[in-house]
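Everything numeric here is computed off the predicted structure, so don't read it as measured data. Along the sequence shown, residues carry numbers from 1.
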Amino acid sequence: MDYGHNLHLGKHFYADYGSIFLDVAPITIGDNVLLGPAVSVYTAGHPLDVPIRNEDLEYGYPITIGNNVWIGGNAVLCPGITIGDNTVIGAGSIVTKDIPANVVAAGNPARIIRPITADDTRYWQAQKQTYLQARDEG
């Protein structure tokens with residue numbers, strides 16, 4: 001991370017290896033957030049105008065990540081975005097605009113693939129039971 005004092009972490013935060021936080025502006029991360037390996041969170045930017053950029057001008061726009069968010073490996077979060085609660089961002093995604101709550105988003109640029117629904121809850125509850133049964137029998 002650049003500065004550290006602009007990074008605000010909720011409870012039960014996990015970042016895998018190689019994550020990068022450019023915290024020129026505040027980065028606010030909610031509770032129960034998981035980051036895969038090499039996730040990059042960039043609040044920093046530079047002017048498009050060459051003479052101004054060459055004067056080493058840097059700016060920052062805050063990034064906010066809600067509660068219960070999972071961000072896949074090698075995703076990049078660009079300055080000024082917000083990710084809503086309970087959202088999953090696919091691996092390798094480039095998030096350039098806000099992503100709402102309760103969706104799966106992926107791609108370059110990241111776009112909403114689908115909502116997360118009660119069908120997902122039922123599916124993963126069944127998967128959990130299968131896993132626990134195999135674990136207990138093995």
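How far CG of Leu22 is from CG of Leu77: 11.0 Å, rounded to the nearest 0.5 Å. Here Asp49 contributes atom CG and Leu57 contributes atom CG; the two are 10.0 Å apart, rounded to the nearest 0.5 Å. In this structure, CG on Leu9 lies 9.5 Å from CD1 on Ile65, to the nearest 0.5 angstrom. Remark: Thr117 OG1 to Arg122 CZ distance equals 7.0 Å, nearest 0.5 Å. Atom CD1 of Ile20 and atom CG of Leu35 lie 12.0 Å apart (nearest 0.5 Å). Once rounded to the nearest 0.5 Å, the distance linking CD1 of Ile29 with CD1 of Ile27 reads 6.5 Å.
Using a distance-only test at 3.5 Å, with no hydrogens or angles considered, a donor-acceptor pair links the side chain of Thr43 to the main chain of Val24. Within the 3.5 Å criterion, the main-chain N or O of His46 finds no donor-acceptor partner in the side chain of Arg53. Remark: the backbone N or O of Ala126 is paired with a side-chain donor or acceptor of Thr130 at under 3.5 angstrom. Not one N or O on the side chain of Asp23 forms a donor-acceptor pair closer than 3.5 Å with the backbone of Pro26.
With a 4.5 Å cut-off on side-chain heavy atoms, Val39 and Ile89 do not count as touching. For the pair Ile112/Pro100, a side-chain contact is recorded, criterion being any heavy-atom separation below 4.5 Å from C-beta on. Residues Val103 and Ile116 fail the side-chain proximity criterion, which asks for heavy atoms closer than 4.5 Å. Looking only at side-chain heavy atoms (C-beta outward), Gln133 and Asp136 stay at 4.5 Å or farther from each other. Between Leu34 and Phe13 there is no side-chain heavy-atom pair separated by less than 4.5 Å.
No single ILVMFWY cluster, assembled from side-chain heavy atoms under 4.5 Å apart, contains both Val76 and Ile83.
The minimum heavy-atom distance linking Ala44 with Pro79 is given by the pair O-CG, 3.3 Å. Considering all non-hydrogen atoms of both residues, Glu58 and Tyr3 come closest at OE1-OH, 4.4 Å. Contact detail for Ile63 and Tyr42: the closest heavy-atom pair is CD1-O, 3.3 Å. Closest approach of Gly80 and Asp98 over heavy atoms only: O-OD1, 3.8 Å. Nearest heavy atoms, Gly90 versus Ser93: O-OG, 2.8 Å. Taking every heavy atom of both residues into account, Lys11 and Asp31 meet most closely at N-OD1, 2.7 Å.
Inspection of the Gln129 and Gln125 side chains reveals no N or O donor paired with an N or O acceptor under 3.5 Å. Judged by distance alone, the side chains of Asn68 and Asn32 do bring a donor and an acceptor atom under 3.5 Å apart.
Atom NE2 of His12 is surrounded by 12 or fewer heavy atoms from other residues, nucleotides or ligands within 6.0 Å. Atom CG of Leu132 is surrounded by more than 12 heavy atoms from other residues, nucleotides or ligands within 6.0 Å.
The ring-ring contact (aromatic ring centres under 6.0 Å, His included) contacts involving residues 102-138 comprise nothing, where partners must be two or more places apart or lie in separate chains.
Tyr14 pairs by the ring-ring contact (aromatic ring centres under 6.0 Å, His included) definition with nothing, not counting sequence neighbours.
Between Asn102 and the options Asn86, Asp120, Asp85, Thr87, a side chain to side chain donor-acceptor pair (under 3.5 Å) holds for only Asn86.
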